[in-house]
Chemist: 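Submitted below is the structure of interest, expressed as C-alpha cells.
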Amino acid sequence: MKLNEILLKNDITLSFEVFPPKATANYESVREAAYGVAMRKPSYMSVTYGAGGSTRDNTLKIAKGIQEECGITTIAHLTCVGATKEGIRQSLEDMKAAGIENVLALRGDKPKDFEGDPFTDYHYASELVEDIREFGGMCIGGACYPEGHVESENTLEDIRNLKKKVDAGCSFLTTQMFFDNNIFYNFLSRVREAGISVPVIPGIMPITRAVQIRSAVKLSGCNVPMRFRSIVDCFGNNPEAMQQAGIIYATDQIIDLIANGIKHIHVYSMNKPEVVKGIQENLSKII
C-alpha cells in the first residue's frame with residue numbers, strides 16, 4: 001500500500017523507523033530486532049539507507065521481508081549523495097521488483113571515506129525527487145528540519161528549499177527529531193504559510209541511553225530543553241531508569257501532539273522492540 005493512501009485516512013497512525021545492518025555478519029541480529037518492531041503491528045515502517053548506499057542491499061531485504069512476512073507496509077530510504085543517475089534508476093528498479101512502493105528521498109551526508117565530489121549527478125534532494133517522480137509508481141516522502149537544516153543560512157531559505165522538494169513530487173514530509181513540541185508547532189505554522197499543504201509527520205526519538213543525547217545534538221543540532229537535560233543528568237547512569245524515563249518522555253510528546261490534532265507520528269525506534277512496546281502500552285487507551 002502507498003503511504004499517501006494511509007495518510008489520507010482519518011485514523012491516528014504510529015509508525016517506526018528501523019535501520020539495516022552495516023555488516024553482513026550482523027544481519028540476523030538486526031533482522032530479528034527489525035522484525036520484533038514489525039510484530040508490534042505499527043501503521044507502517046521505514047528502513048534507513050547507509051551513507052553512500054552502504055546498506056543498499058540490506059535495506060531492500062529488510063523492507064521486503066517486513067512486508068512479505070509481517071504484513072506491514074514499508075518505506076525504503078534512498079540517498080543520492082555520491083550516486084549516479086544510472087545507479088538511482090537501478091535502485092528504483094530493484095525496489096519495484098521487491099514490491100516496495102514508498103521511497104523517502106534524501107540527499108544524504110558525504111561518507112567519511114568518500115574521495116572527490118559526492119555531488120555530481122545530484123546536488124539536492126529535490127533533484128532526486130524529480131527523478132523518482134519521472135520513474136513513476138512510487139509514493140515519495142521527504143525530510144524536513146523544524147530547527148532548520150544545518151547547512152541553510154536561515155529558516156526562510158530552508159523552507160523555500162523545502163517547498164521546491166514538495167513541488168518536485170513529495171507527497172508527505174517527516175521531520176528530524178525534536179524534544180520540544182512548540183518547535184514543531186511553530187515550524188508547521190511557517191510551513192503552511194509558505195504554501196506547503198502535504199502532511200508533515202513529526203519524528204520522535206525516545207532517548208533511552210545518555211550517550212544518545214550527545215549523538216542527537218551532534219547530528220542534528222536540535223535543542224534539548226532543560227527539563228529533558230535534567231532527566232538525563234538524573235537517570236543517565238541507571239540504564240533501566242533511563243530507558244523508562246526516555247519512553248515516558250517520548251510518550252508525553254506523542255500525547256501532546258495527538259491532543260493538538262496531529263494525526264500521524266513517526267518514532268525513531270533504534271531497532272528496540274522493547275521501546276516500541278513501552279510506547280504502545282502507554283498509549284493503549286489513546287490510540
Side-chain angles (χ1 to χ4, degrees), residues 1-9 13 15-20 42-50 52-53 55-56 59-60 62-64 66-67 72-109 119 121-146 149 158-176 187-188 191-192 194-203 263-266 268:
M1 179 180 285
K2 292 184 178 178
L3 290 196
N4 51 3
E5 298 173 28
I6 294 174
L7 299 175
L8 278 173
K9 297 178 181 179
T13 67
S15 56
F16 295 94
E17 178 184 284
V18 295
F19 54 82
S43 303
Y44 65 88
M45 289 174 61
S46 70
V47 185
T48 67
Y49 197 76
T55 65
R56 175 181 175 275
T59 294
L60 202 56
I62 294 286
K64 180 182 179 182
I66 289 171
Q67 287 198 160
I72 303 299
T73 297
T74 60
I75 175 169
H77 293 207
L78 183 62
T79 63
C80 59
V81 58
T84 63
K85 287 185 175 291
E86 292 78 10
I88 290 296
R89 176 86 185 186
Q90 185 59 56
S91 291
L92 293 170
E93 293 283 4
D94 292 343
M95 288 181 184
K96 183 178 179 180
I100 306 299
E101 298 181 290
N102 305 291
V103 183
L104 189 69
L106 306 163
R107 190 198 70 169
D109 299 320
F119 303 110
D121 285 15
Y122 296 96
H123 294 86
Y124 306 105
S126 57
E127 296 169 346
L128 175 61
V129 172
E130 288 176 358
D131 279 2
I132 298 172
R133 186 194 67 208
E134 289 177 7
F135 177 82
M138 295 288 185
C139 174
I140 310 167
C144 58
Y145 305 84
H149 193 283
D158 193 43
I159 291 176
R160 280 196 296 268
N161 291 333
L162 187 61
K163 182 71 162 54
K164 291 178 183 177
K165 193 156 49 176
V166 171
D167 291 343
C170 280
S171 295
F172 65 93
L173 301 165
T174 302
T175 78
Q176 176 64 272
F187 172 72
L188 186 60
V191 161
R192 296 302 185 225
I196 297 172
S197 59
V198 300
V200 179
I201 304 169
K263 293 283 188 180
H264 311 296
I265 298 157
H266 193 58
Y268 300 109

Chemist: Test side chain to side chain donor-acceptor pair (under 3.5 Å) on N102 and Y44 and set out the steps.
Modeler: CA-CA 11 Å; N102 305 291; Y44 65 88; over 6 Å; no
Chemist: Using a distance-only test with no angle check, is there a side-chain donor-acceptor pair under 3.5 angstrom linking H77 and T48?
Modeler: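 Not at all, the side chains of H77 and T48 share no donor-acceptor pair under 3.5 Å.
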Chemist: When you look at R192 and V200, which way does the side-chain contact (heavy atoms from CB on, under 4.5 Å) test go after all the steps?
Modeler: CA-CA 10 Å; R192 296 302 185 225; V200 179; 3.9 Å; yes
Chemist: Look up atom OG in S46 and atom CD1 in I66, then write down how far apart they are to the nearest 0.5 Å.
Modeler: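 Between atom OG of S46 and atom CD1 of I66 there are 9.0 Å.
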Chemist: Looking at SG of C170 and CD1 of I196, how far apart are the two atoms once the value is rounded to the nearest 0.5 Å?
Modeler: 10.0 Å
Chemist: Please report the closest heavy-atom contact between G142 and L104, naming both atoms and the distance.
Modeler: N-CD1, 3.6 Å
Chemist: How many angstroms lie between CD1 in I75 and CD in Q67, if you round to the nearest 0.5 Å?
Modeler: 10.5 Å
Chemist: Give the minimum heavy-atom separation between A143 and K165, together with the two atoms involved.
Modeler: O-NZ, 2.8 Å
Chemist: Should we count NZ of K85 as having more than 12 external heavy atoms under 6.0 Å?
Modeler: yes
Chemist: Rounded to the nearest 0.5 Å, how far does CD of E5 lie from OG of S171?
Modeler: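 That separation rounds to 10.5 Å.
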Chemist: Please lay out, stage by stage, how T13 and K263 fare under the test side-chain contact (heavy atoms from CB on, under 4.5 Å).
Modeler: CA-CA 6 Å; T13 67; K263 293 283 188 180; over 6 Å; no
Chemist: In Å, rounded to the nearest 0.5 Å, how long is the span from CD of E134 to CG of L92?
Modeler: 11.5 Å
Chemist: May I ask you to test the T175-L173 pair for a side-chain heavy-atom distance under 4.5 Å?
Modeler: no
Chemist: Please step through side-chain contact (heavy atoms from CB on, under 4.5 Å) for the pair E127 and C80, ending with a clear verdict.
Modeler: CA-CA 9 Å; E127 296 169 346; C80 59; over 6 Å; no
Chemist: Between F135 and R89, is any pair of side-chain heavy atoms under 4.5 Å apart?
Modeler: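 Yes, side chains in contact.
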Chemist: Restricting to non-hydrogen atoms, name the atom on L60 and the atom on I100 that form the minimum distance, rounded to 0.1 Å.
Modeler: CD1-CG1, 4.1 Å
Chemist: What closest approach, in Å, do K163 and A194 show between heavy atoms, and which atom pair accounts for it?
Modeler: CE-O, 3.4 Å
Chemist: Answer yes or no: does atom NZ of K164 have more than 12 heavy-atom neighbours from other residues, nucleotides or ligands under 6.0 Å?
Modeler: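 No, because the 6.0 Å sphere around NZ of K164 holds 12 heavy atoms or fewer from other groups.
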Chemist: Would you check, one step at a time, whether the test side-chain contact (heavy atoms from CB on, under 4.5 Å) holds for D121 with E86?
Modeler: CA-CA 10 Å; D121 285 15; E86 292 78 10; 4.2 Å; yes
Chemist: So which heavy atom on A168 is nearest to which on S126, and how close?
Modeler: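 Here A168 and S126 meet closest at CB-O, 3.7 Å.
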Chemist: So, taking the atom named CE in M45 and the one named CD in E17, what distance separates them when rounded to the nearest 0.5 Å?
Modeler: 9.5 Å
Chemist: Quick check: closest heavy atoms across R133 and D167, and the distance to 0.1 Å?
Modeler: NH1-O, 4.1 Å
Chemist: Just so I know, are the side chains of N161 and Y124 near enough to count as touching, which here means a heavy-atom distance under 4.5 Å?
Modeler: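 The answer is no, as the side chains (C-beta and beyond) never meet within the 4.5 Å cut-off.
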Chemist: Check whether any side-chain N or O of H264 sits under 3.5 Å from a backbone N or O of L7 as a donor-acceptor pair, and report yes or no.
Modeler: yes
Chemist: Within the 4.5 Å heavy-atom criterion, are L162 and F187 side-chain neighbours or not?
Modeler: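 In short, these two side chains touch, coming nearer than 4.5 Å.
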